[in-house]
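Here the structure is laid out as structure tokens; the discussion comes afterwards.
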Amino acid sequence: MNRNPTTGDIAVVLGTRPEIIKLAPVVQELGGRARVVHTGQHWDENMSGQFLRDLTPIGGIEVLSGLGGLSRPRQIAGGIDQLSALFERRRPRAVIVQGDTNSTSIGAQTANYLGIPVIHVEAGLRSRDRDMPEELNRLIVGAVADVHCAATPYNAANLLAEGVDAERIHITGNTVVEATRRVLESSTEHVPLPVDGPFVLATIHRPENTDDSGALSRIFSALAAMPYPVVFVAHPRTLAAADRFGLEGMMERLHVLQSVGHAEFLGLAGRAALVISDSGGVQEEVTVIKKPLLVVRKSTERPEAIGAGFAELVRPGDSIEAAAERMLGDAGLTVRLRQTPSPYGDGSASRMIADIARRVADRG
Ligand code: UD1
Ligand code: UDP
């Protein structure tokens with residue numbers, strides 16, 4: 001029984017590494033009003049547990065069960081079923097979801113079907129690539145959200161073009177800016193480097209790169225051909241794919257680490273000569289830590305990092321080696337990037353989002 005009606009009345013639903021990282025500052029801003037529900041989509045200590053330790057909501061964390069590793073329909077349907085039961089037992093006054101994962105979809109759909117207002121953080125991203133599960137999640141969450149917290153004017157324009165009322169869109173910036181700054185302030189200098197001298201940091205986990213043996217082996221070959229040693233921080237999806245396709249041998253020329261903590265990752269990224277990744281969050285973080293990035297994907301929903309000069313898109317068929325050579329050979333790049341502000345905001349997104357959520361919840 002919740003005796004104080006404003007304690008834990010704003011549910012924050014999350015389930016994957018990037019959602020935990022990016023919603024942590026929102027949970028902190030909400031204080032006692034935050035009620036955190038974890039779907040269990042990511043369940044390993046190094047994909048979830050170590051990031052949850054930075055979240056200390058007063059009411060603890062409620063966790064759904066048995067959803068990790070399921071197929072999309074089973075994960076989303078099972079998640080809606082379990083979350084509905086949780087919210088029917090204790091109904092939140094608003095629900096916050098972030099990004100474009102299956103967990104985002106579970107949280108947004110459940111709340112909407114129960115008539116609870118949905119606040120979507122990082123709203124309005126569009127890759128226009130319907131083969132990406134994330135793009136479908138974005139479209140579905142965009143359709144059921146009541147309030148859209150767009151990180152950038154470009155994201156807001158996407159929503160306006162789809163007919164979303166302007167008064168339901170707020171341009172807040174992206175919470176990744178403050179999440180990154182907090183880690184940097186607490187120091188990443190202690191992070192040990194697995195190699196001596198200049199190195200390239202790489203992460204790969206998108207289905208378009210991991211679920212096709214040819215695509216994955218082309219990426220491994222390109223990484224092995226870099227002029228510097230490559231530290232490859234491996235996502236479990238990628239490790240499973242390399243094992244399935246018999247490509248582990250190709251990883252032997254890379255310095256492979258299992259998924260690391262956020263401070264460790266930013267410590268590596270901050271000292272890398274170049275980052276190569278298909279991650280969404282990393283595209284944003286390089287604009288805060290001022291590092292050059294090659295985005296290895298067909299398309300991106302985050303053109304701002306490219307527009308600002310931090311990132312370059314390397315599509316299938318384009319040469320990763322040639323793009324890396326260009327970026328590493330650009331003598332003025334580091335200085336230019338240091339002087340370029342992040343297009344993802346000034347670090348006040350989570351405060352704005354928490355204010356919006358409290359207003360929505362208090363409207364009843
Ligand atoms: C999910 C999100 C993706 C996000 C990524 C962040 C969807 C559709 N995709 O992709 O948008 O960029 O999280 O990292 O929601 N696994 C483990 N242990 C874990 C988690 C995953 O072993 O703790 C392995 C399992 O083999 C699992 C696979 O990784 O089947 C994929 O996990 P899943 O959550 O389905 O998708 P991600 O690729 O992590
Ligand atoms: N990250 C991390 N450890 C790692 C790899 C990434 O802490 O080993 C962080 C990274 O700094 C970023 C987030 O995880 O904040 C990105 O998550 P991911 O690439 O899994 O998902 P995406 O952003 O693509 O949805």
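Counting starts at 1 for both ligands and their atoms, following the listed order. Heavy atoms only: backbone and side chains are in, while hydrogens, waters and symmetry mates are out.
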* Asked: What do you reckon, does Thr203 have a nitrogen or oxygen under 3.5 Å from a nitrogen or oxygen of ligand 2?
  -> no
* Structure fact -> Short version for Met47: what comes under 4.0 Å of ligand 1, heavy atoms counted, is side chain
* Asked: Can you tell which part of Pro18 has a heavy atom less than 4.0 Å from ligand 1: side chain, backbone, both or neither?
  -> side chain
* Asked: How does Val260 reach ligand 2, if at all, at less than 4.0 Å between non-hydrogen atoms: by side chain, backbone, both, or neither?
  -> both
* Taking the inter-plane angle between the rings of Phe220 and Phe232 on a 0 to 90° scale, is it parallel (under 30°), tilted (30 to 60°) or perpendicular (over 60°)? -> perpendicular
* Structure fact -> Tested for side-chain hydrogen bond (donor to acceptor under 3.5 Å, both in side chains) against Asn174, the lone hit among Glu285, Gln98, Glu284 is Glu284
* Asked: Short N/O distance, under 3.5 Å, between Ser259 and ligand 2?
  -> no
* To do: Evaluate the side-chain proximity of Ser299 to Arg128: yes if any heavy-atom separation is below 4.5 Å, no if none is.
  => no
* Asked: Quick one: does atom 13 (O) of ligand 1 have a protein heavy atom under 4.0 Å from it?
  -> yes
* To do: Can you pull out the closest protein heavy atom to atom 11 (O) of ligand 2? Residue, atom name and distance to 0.1 Å, please.
  => Glu285 OE1, 2.6 Å
* Check: Arg237 N/O within less than 3.5 Å of ligand 1 N/O -> yes
* Asked: Relative to ligand 2, is Glu264 under 4.0 angstrom through side chain, backbone, both or neither, heavy atoms considered?
  -> neither
* Asked: At a non-hydrogen distance cut-off of under 4.0 Å, which region of Glu134 contacts ligand 2 (side chain, backbone, both, or neither)?
  -> neither
* To do: May I ask whether Arg206 places a heavy atom under 4.0 Å from ligand 1?
  => yes
* Asked: Of Thr39, Val37, Leu14, which is the lone residue that meets side chain to side chain contact (heavy atoms under 4.5 Å, CB included) with Ser103?
  -> Thr39
* Using a heavy-atom cut-off of under 4.0 Å, does the side chain or the backbone of Arg17 touch ligand 2, or both, or neither? -> side chain
* Can a non-hydrogen atom of Ser48 be found less than 4.0 Å from any atom of ligand 1? -> no
* Asked: Between Gln28 and Ser350, is a side chain to side chain donor-acceptor pair (under 3.5 Å) present by the stated rule, with each step listed?
  -> CA-CA 9 Å; Gln28 195 177 1; Ser350 14; over 6 Å; no
* Asked: Roughly how far, to the nearest 0.5 Å, is CG of Leu125 from CG of Leu159?
  -> 9.0 Å
* To do: Take atom CZ of Arg168 as the centre, draw a 6.0 Å sphere, and report whether it contains more than 12 heavy atoms from other residues, nucleotides or ligands.
  => yes
* Structure fact -> Separation between OG1 (Thr101) and CD1 (Ile106), nearest 0.5 Å, reads 7.5 Å
* Structure fact -> Near Gly69 (heavy-atom distance under 4.0 Å), the atoms of ligand 1 are 30 (O)
* Do other residues, nucleotides or ligands put more than 12 heavy atoms under 6.0 Å from the CG atom of Asp165? -> yes
* Asked: So, is Leu266 polar-close to ligand 2, with some N/O to N/O distance under 3.5 Å?
  -> no
* Counting both backbone and side chain atoms, is some N or O of Thr101 under 3.5 Å from an N or O of ligand 1? -> no
* Modelled atom types, side-chain donor and acceptor of Asn102 and Ser105, under 3.5 Å -> no
* Could you check if a side-chain atom of Lys298 sits within less than 4.5 angstrom of a side-chain atom of Met132, using non-hydrogen atoms only? => no
* Short list, please: which atoms of ligand 1 are under 4.0 Å from a heavy atom of His235? -> 14 (O), 37 (P), 38 (O), 39 (O)
* Asked: Nearest to atom 11 (O) of ligand 1 by heavy atom, Glu45, Glu134, Met132: which?
  -> Glu134
* Name the closest protein heavy atom to atom 16 (C) of ligand 2, giving the residue it belongs to and the distance to 0.1 Å. => Ser279 OG, 3.6 Å
* To do: Indicate yes or no: does an N/O atom of Met47 lie under 3.5 Å from an N/O atom of ligand 2?
  => no
* **Nearest-contact summary for atom 39 (O) of ligand 1 - protein heavy atom, Å** => His42 NE2, 2.7 Å
* Asked: Within a strict 4.5 Å, meaning less than it, do heavy atoms of the Arg302 and Glu122 side chains meet?
  -> yes
* Look at atom 34 (O) of ligand 1 and find which of Gln75, Arg72, Gln41 reaches it with the closest heavy atom. => Gln41
* What about Asn102: any of its N or O atoms under 3.5 Å from an N or O on ligand 1? -> yes
* Flag if over 12 foreign heavy atoms under 6.0 Å of CD, Glu162 -> yes
